[in-house]
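Working notes, beginning with the structure itself.
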Amino acid sequence: MPTRDKTELLHGSLDLIVLRTLSVQPMHGYAITQHVARLTDGVLSADPGSLYPALERLKRNGWITAKWQQSPTGRRARYYAISRSGLKQLGRETNEFERFVDAMRRVLRAT
Amino acid sequence: MPRDDRSPKRGLRARLMSRGPERDVDDEIEYHLQRRIAEYVAQGMDPAVARERAMHRFGHVPGVRAEAVRVERALARRERAGEFLGAAVRDARVAMRSIRKSPGFALTATICIALGVGVTTMILSAVDAILVKPLPYPNANQLVSVYAQDVPRGWHGVNISYKDYVSWRDDNRTLSALGMWTWSTTTITDGESERVAGAAVTANLFALLGVRPMLGRGFRPEEERLAASDVVLLSYGLWRRRYGGDSAIVGRTISMDGRPQLVAGVMPPGFNFPDRGQYWMPFATDGPAREGRDNRGYAGAIGRLRPGVTLEQAKADLARVSTQLQQEFPNENTGWSAEVMTLRHDLTGDLRQPMLVFLGAVAFVLLIACANVANLTLVRGLSRRREIAVRSALGAARGDLVRQLFTESLLIAGLGGVAGAVAGAFGVRLAHFAFPGGVPFYLDFGVDARALAASALVIVVTAVLCGVLPALRVTKLDVNRALRDERAATGGSGGRHMSGRSVLVVAELAISTVLMIGGALLVRSYRAYTHTDMGFDREGILTARVTLPDQGYNATERRIALYSDLEARVRAIPGVKLVGSAQGIPFSGWDVQATATFAGRPVPPPNEGFDSHFQVVFPDYFPAMGIPLVRGRPLLATDRDTLAPVAVVNETFARRAYPNEDPIGKRVKFAPPNDPAPWITIVGVVRDFRHYRLPQPMGPALYMPYAQSPGRTQTLVIRTGLTDPYVLVPSVRAALHEVDPKLAFYEVKTIDDAVSESLWRQRVQSRVLAVFAALALLLAAVGLYGLVSYSVLQRTREIGLRVALGAQRSDVLAMVYGQGGRLVVAGLAIGLALGALLSRTLGSLLYEIAPTDLASYALAGGVIAAIALGALYVPARRAVSVDPLRAMRIE
């Protein structure tokens, strides 16, 4: 992956979060927001306004697949699942994010 | 592309569950909101408030929706395209593999399609160029040609007189303009003398055609007077070739026939009116022969219909004017009227029927090609039954199998189609060889979009017909049975399919018989043309025309001296036996007719006089051409007394003018009896010979010695003892330069070439149809061969069994020839009957051969039968050589 500017990095972190979440199990959009909110005690939130476009984008890249299914509540819900190439991408993005966090930490400590 | 587990099938199912991008996104957003609301309500919130909170928390719903829909759409599009492409590539790859496994089939089918498409493209392009594409003028469909016609005598397309033209031009109400033109030739005398052909045109002609000079200006009305007519327009080609494309030439003078001519302009490239013209002069309306309504010696008139006026209205309008003229000028105009036709009909009318015949023939060839491909594909489909059955049992969907077979056909059709289109494009170029002197400027031969589109359509139809129908039939078969039944591996049980294919082969044979009959009729007609007894010798005679300018040749003695001197010099060239001359040689199109008056007979009423062809000749013309004198004495060099002129006539003249009298000593003149012109005494009769282009028969003709009526144009007829008279051309030219370096020969050709050039249309017609017939026969033979050899292959075990049980070689042969022979006989019978019906459409293309000409039918039937038996020979050999032991072992 080429280096990214700040906004793209933010997008990227949302992608990372979604991929990581879906690597647990396939789920629909609402479940993803709930999952993220629960996991981070509400510090991070997958805002619907950016979540759904992000899901589309990931789908377009072939990293996740979408399938319509009956939800437990009986409604038609779109379930997202991570694909094989999505798993690979998750690995790459995790590495990159960790390098970024390391770097940030070093910078912050040095100050 | 993602390499995940999304197979096309899964993609398909996902797409089926989907309800379109908008609905999907709406549903998803609504689901999200509902879940959030449910959460809030569970916390004890009022449902209405909960919904509001949920909406608020979601953010800007329309924005999210729009963004998601956009991405969704792009995704769906790409997925569809990718799926389609992927599938197509996969199909093509599979198809290529299976084609490579049977290259014989693929090659044969490809060649069949290429031939079909090739000739179709070629003929469609030619038809387009000749009959469809507008002529290269703006609003060309408004242009009409106007000639004179004498309906009572059955004369059409006759040249016109200037006086009639003026009346038509001024008194009509349907034409916005009417111009006139006539042929013209001149010798450019600055630099090396060169004879060029062009036209004399009225000042309005090019304007009404809608063609403007590229450089300079057109003619002005005042230049239509003899005194002011020393201006010239050059063709683009002449300008480039002779004047190096120098635009400074405009406004300068060049020398033509020794006179200075002002170059008024240069016409645009590709304009060579009337067909291959290189220069144009104004038509001088006060010229010497412009008087005389009955002086119908000028090429013709071209008009433009007023907007909204139909051809029929213009015809009626000019008929009205003609009727008035007949009443006003009974002596000159009784029987005569204007003949109006579209300019296209005028230029290409005589090509219409052959083109339509070609069109029909090419449709037949294409039909046979398609039948062949269908047959080949059908056979191949049957022989692949087992493969298909296996694949079907392994779970291949019927749709997939059909699609794969369709792809194979499409691939072969595509290959053949492209090869055919390329071949057709080359074929169209052959048109340049078909026209003597090259394609006239107003025809544009080229593979155009319509011809290609038509060919492409043919390809698709071929692919669908030949690919899908057999594929559907193949996949309909019962999988279990096919797998169980060993014979199904080679399609043995398909009696119905066999008969279907037999019908195709019979049809192919029938159609090629029809084409062969057409070809035979035209070839025999052409033979009849070339074997017509012309009445003169065709071998070893060179001809060359020379026209004297006004400059230096106004005195008749000068002209007589020049031609006499020239003939003497040419006669002295080694290899030359005799030299004579006539104004125009046979088959050159030269035809001057005049009405004869007979001494001692009353003057006939107008339009009922005796019209005769009229030529001025040097005495040795007849011996040089090999035309014998049958009565009286020949013309002699001593016949010079212009007050007591003499003439010889042809047998037709003698017979018609003097049915029961001796023509020798009789007197005629081409003027009214009281005219001061002297009577011409007939001194001899020469044998009839063909002067007009076939099939026009010879009419009465009268020949006067040059010395008694010296004109400006003579065509030398040089009889040599050489097989190639053209070797004399340099010496003959040198002789002319010795007598006058400013003169140039033109229309230099042998008599044989003149005759053969005049028959170019008949020659092309017969050759094209013969080639089509041969192609059709070749294709049909391939079809027959394929069918019978396949059937022999199928019956290998049966044949082996029979041989083992004591069948003789002759029995096996009888079996194969019997099967094939039945098809051939059926095809021939149908073809001969159909040919008898269709040959009438050839009508006027035939010459001295009836549409029911038995020899042609016998020839066609014989050729078809011979080739068909030849096609059966290989499978018959194979059947005879079947080894019973090996055949029985094949399982």
Side-chain angles (χ1 to χ4, degrees), chain A residues 11 14-15 18-19 22-23 26-38 42 44-92, chain B residues 1-7 10-42 53-79 81-83:
Chain A
H11 275 306
L14 179 57
D15 290 358
V18 171
L19 287 176
L22 289 180
S23 72
M27 50 182 96
H28 48 70
Y30 179 76
I32 296 171
T33 56
Q34 292 300 92
H35 181 82
V36 172
R38 201 165 338 108
L44 293 179
S45 80
D47 189 23
S50 38
L51 172 69
Y52 285 103
L55 284 170
E56 299 286 1
R57 199 169 51 242
L58 292 173
K59 199 156 57 147
R60 191 167 52 181
N61 285 331
W63 293 331
I64 62 173
T65 60
K67 226 191 319 183
W68 286 102
Q69 279 181 5
Q70 294 297 113
S71 75
T73 57
R75 283 180 162 276
R76 197 173 78 111
R78 180 139 61 175
Y79 279 76
Y80 296 92
I82 191 161
S83 70
R84 244 175 296 171
S85 65
L87 280 172
K88 267 186 221 148
Q89 179 65 13
L90 174 61
R92 274 197 298 270
Chain B
M1 281 299 286
R3 308 283 296 165
D4 60 16
D5 54 351
R6 292 187 310 164
S7 79
R10 212 174 127 189
L12 190 73
R13 211 177 303 136
R15 224 166 51 219
L16 287 179
M17 274 276 289
S18 158
R19 303 200 213 152
E22 290 89 352
R23 288 287 299 274
D24 282 356
V25 170
D26 286 345
D27 283 3
E28 187 163 32
I29 292 173
E30 185 56 31
Y31 179 74
H32 188 103
L33 290 173
Q34 287 300 335
R35 289 297 299 265
R36 181 71 77 198
I37 292 165
E39 189 189 328
Y40 287 150
V41 169
R53 284 283 302 278
M55 293 281 277
H56 180 76
R57 190 158 167 196
F58 189 90
H60 186 55
V61 175
V64 173
R65 179 178 183 273
E67 171 69 6
V69 166
R70 196 181 59 76
V71 179
E72 189 93 349
R73 277 215 188 110
L75 203 64
R77 249 197 321 273
R78 216 186 49 181
E79 192 156 314
E83 244 171 59

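Every chain is numbered from 1, with letters handed out A, B, ... down the list of sequences.
In this structure, CZ in A:Arg76 is found 12.5 Å from CD in B:Glu30, a value given to the nearest 0.5 Å.
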field: Stepwise side chain to side chain contact (heavy atoms under 4.5 Å, CB included) check, A:Tyr30 with B:Glu28
entry: CA-CA 9 Å; A:Tyr30 179 76; B:Glu28 187 163 32; over 6 Å; no
task: For B:Arg35 and A:Thr33, run side chain to side chain contact (heavy atoms under 4.5 Å, CB included): C-alpha distance rounded to whole Å, both residues' side-chain angles, the deciding distance at 0.1 Å, then the answer.
output: CA-CA 11 Å; B:Arg35 289 297 299 265; A:Thr33 56; over 6 Å; no
task: Evaluate the criterion side chain to side chain contact (heavy atoms under 4.5 Å, CB included) for residue pair B:Asp27 and A:Arg78; output intermediate values, then yes/no.
output: CA-CA 9 Å; B:Asp27 283 3; A:Arg78 180 139 61 175; over 6 Å; no
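Contact of B:Arg70 with chain A is not made at all, since no heavy-atom distance falls under 4.5 Å.
Side-chain contact check for A:Tyr52 versus B:His32: some heavy-atom pair is nearer than 4.5 Å. Considering only heavy atoms from C-beta on, B:Val64 stays 4.5 Å or farther from A:Pro48 through its side chain. Counting heavy atoms from C-beta outward, A:Gln34 and B:Arg36 have side chains that approach closer than 4.5 Å.
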